[in-house]
Engineer: 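Mind looking over this structure? Questions follow.
One is the number of the first residue; the rest follow in order along the sequence.
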Amino acid sequence: QVQVVESGGGLVQAGGSLRLSCTVTGITFSMYNMAWFRQAPGKERDVVASITWSGANTDYTDSVKGRFTISRENTKNTVYLQMNSLKPEDTAIYYCEARLRGSTSMATRYWGQGTQVTVSA
């Protein structure tokens, strides 16, 4: 079966950095676009960054542009989120999503359990 496992979260002071990793097994990773989402307490889950199957194209929500970088290694079935200059408002649970390219079906979207990121002021 498909497994999506995030890691790398933790507690960091404002201005610090963290690198999240997400490894996916059970799929042909290079056929999937990948994204990082986050959900803060009492708020909806929102997309933070996304990357296409080849890594050629990336996109970021405005609040993280210039601070976060998404990347992937298809040979390792892994996507990363490098987070620099962290702010308290980045505090959230961060989720990794795999979405089959060209598909809109929910059946071909997979999520991890999330990793907590806490940024102290």
Engineer: Check whether V117 and V4 end up in the same hydrophobic cluster, where Ile, Leu, Val, Met, Phe, Trp and Tyr are linked by side-chain heavy atoms less than 4.5 Å apart.
Structural biologist: yes
Engineer: Is it the case that the side chain of Q113 and the backbone of E6 share a donor-acceptor pair, with hydrogens and angles ignored and the cut-off at 3.5 Å?
Structural biologist: no
Engineer: If you look at every heavy atom in S17 and S85, which pair is closest and at what distance?
Structural biologist: OG-N, 4.3 Å
Engineer: What pairs with R19 under side chain to side chain donor-acceptor pair (under 3.5 Å), at least two apart in sequence or on another chain?
Structural biologist: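 By the side chain to side chain donor-acceptor pair (under 3.5 Å) rule, R19 matches no residue at all.
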Engineer: State the CZ-OG1 distance between R99 and T104, to the nearest 0.5 angstrom.
Structural biologist: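 One finds 9.0 Å between CZ of R99 and OG1 of T104.
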Engineer: Would you mind listing every disulfide (SG to SG under 2.5 Å) that reaches into residues 30-76, with sequence neighbours excluded?
Structural biologist: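 Qualifying pairs, neighbours excluded: none.
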Engineer: For residues 27-102, pull every pair meeting disulfide (SG to SG under 2.5 Å), keeping only residues two or more places apart or in separate chains.
Structural biologist: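 Qualifying pairs: C22-C96.
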Engineer: According to disulfide (SG to SG under 2.5 Å), does anything in residues 54-85 pair up with another residue at least two apart or in another chain? List the pairs.
Structural biologist: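 For residues 54-85, and leaving out neighbouring residues, there are no disulfide (SG to SG under 2.5 Å) pairs at all.
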Engineer: Taking only residues two or more places apart in sequence or in another chain, which ones pass side chain to side chain donor-acceptor pair (under 3.5 Å) with S30?
Structural biologist: none
Engineer: Under a 3.5 Å distance rule, please check whether N74 uses its side chain to pair with a backbone N or O of W53 as donor and acceptor.
Structural biologist: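 Present.
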Engineer: State, to 0.1 Å, how close A14 and A121 come at their nearest heavy-atom pair, and which atoms those are.
Structural biologist: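 Closest pair (atom of A14, atom of A121, distance): CB-CA, 4.4 Å.
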Engineer: With side chain to side chain contact (heavy atoms under 4.5 Å, CB included) as the criterion, how do W36 and L20 come out once you've worked through the C-alpha distance, each side chain's angles and the decisive distance to 0.1 Å?
Structural biologist: CA-CA 9 Å; W36 286 96; L20 305 183; 3.6 Å; yes
Engineer: Could you measure the distance from the CG atom of N77 to the CD atom of Q3? Nearest 0.5 Å is fine.
Structural biologist: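 N77 CG to Q3 CD: 12.0 Å, rounded to 0.5 Å.
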Engineer: For the residue pair S71 and V79, what are the closest heavy atoms and their distance?
Structural biologist: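 Reported closest heavy-atom pair: O-CG2, 3.1 Å.
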Engineer: Tell me the salt bridge (charged side-chain N to carboxylate O under 4.0 Å, His left out) pairs involving residues 71-88, sequence neighbours left out?
Structural biologist: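 Matches after skipping sequence neighbours: E73-K76.
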Engineer: Going by atom types only, do T23 and T78 share a side-chain donor-acceptor pair under 3.5 Å?
Structural biologist: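 Yes, a side-chain donor-acceptor pair sits under 3.5 Å.
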Engineer: Show me the pairs that pass salt bridge (charged side-chain N to carboxylate O under 4.0 Å, His left out) and involve residues 104-121, at least two apart or across chains.
Structural biologist: E97-R109
Engineer: Looking at L81 and A49, what are the two nearest heavy atoms and their distance?
Structural biologist: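 Scanning both residues, the minimum pair turns out to be CD1-CB, 4.1 Å.
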Engineer: According to a hydrophobic-cluster definition based on side-chain heavy atoms being under 4.5 Å apart (Ile, Leu, Val, Met, Phe, Trp, Tyr only), do V64 and I93 belong together?
Structural biologist: no
Engineer: Please identify each residue that fulfils side chain to side chain donor-acceptor pair (under 3.5 Å) with Q82, with sequence neighbours left out.
Structural biologist: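 With sequence neighbours excluded, Q82 shows a side chain to side chain donor-acceptor pair (under 3.5 Å) to N84, given in chain and number order.
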Engineer: Quiz question: by atom type and distance under 3.5 Å, do the side chains of T91 and T118 form a donor-acceptor pair?
Structural biologist: no
Engineer: Kindly determine whether L18 and Y94 satisfy side chain to side chain contact (heavy atoms under 4.5 Å, CB included), including the steps that lead there.
Structural biologist: CA-CA 12 Å; L18 284 174; Y94 283 70; over 6 Å; no
Engineer: If you look only at pairs with a residue in residues 51-63, which of them pass as a salt bridge (charged side-chain N to carboxylate O under 4.0 Å, His left out), with sequence neighbours excluded?
Structural biologist: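 Counting only pairs at least two positions apart or across chains, the salt bridge (charged side-chain N to carboxylate O under 4.0 Å, His left out) contacts touching residues 51-63 are D62-K65.
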Engineer: Under 6.0 Å from the CD atom of E44, do we count more than 12 heavy atoms belonging to anything else shown?
Structural biologist: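 No, because the 6.0 Å sphere around CD of E44 holds 12 heavy atoms or fewer from other groups.
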Engineer: Hey, what do you get for CZ (F68) to OH (Y60), rounding to the nearest 0.5 Å?
Structural biologist: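 Reported to 0.5 Å precision, the distance equals 10.5 Å.
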Engineer: Holding to side chain to side chain donor-acceptor pair (under 3.5 Å), I want the full list of residues that pass it with S63, two or more places apart in sequence or in another chain.
Structural biologist: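 Listed in chain order: R38.
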Engineer: Less than 4.5 Å apart, side chain to side chain, heavy atoms only: is that true for D90 and R67?
Structural biologist: yes
Engineer: May I ask whether I70 and L86 are part of the same hydrophobic cluster, defined by side-chain heavy atoms of I, L, V, M, F, W, Y residues being less than 4.5 angstrom apart, directly or through others?
Structural biologist: yes
Engineer: Under the rule for side chain to side chain contact (heavy atoms under 4.5 Å, CB included), what residues qualify as partners of R45, not counting sequence neighbours?
Structural biologist: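 Partners of R45 by the side chain to side chain contact (heavy atoms under 4.5 Å, CB included) criterion, ordered by chain and then number, come out as F37, Q39, Y95, W111.
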Engineer: Looking at CG of L100 and CE of M31, how far apart are the two atoms once the value is rounded to the nearest 0.5 Å?
Structural biologist: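 Here the interatomic distance stands at 5.5 Å.
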Engineer: Once rounded to the nearest 0.5 Å, what's the spacing between atom CD1 of I51 and atom CG of N57?
Structural biologist: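 I51 atom CD1 to N57 atom CG measures 9.0 Å (nearest 0.5 Å).
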Engineer: Write out all pairs satisfying salt bridge (charged side-chain N to carboxylate O under 4.0 Å, His left out) with one or both partners inside residues 110-121, taking only residues at least two apart or from two chains.
Structural biologist: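 Pairs touching residues 110-121 that pass the test: none.
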Engineer: Any side-chain heavy atom of Y110 within less than 4.5 Å of one from V24?
Structural biologist: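 No, side chains not in contact.
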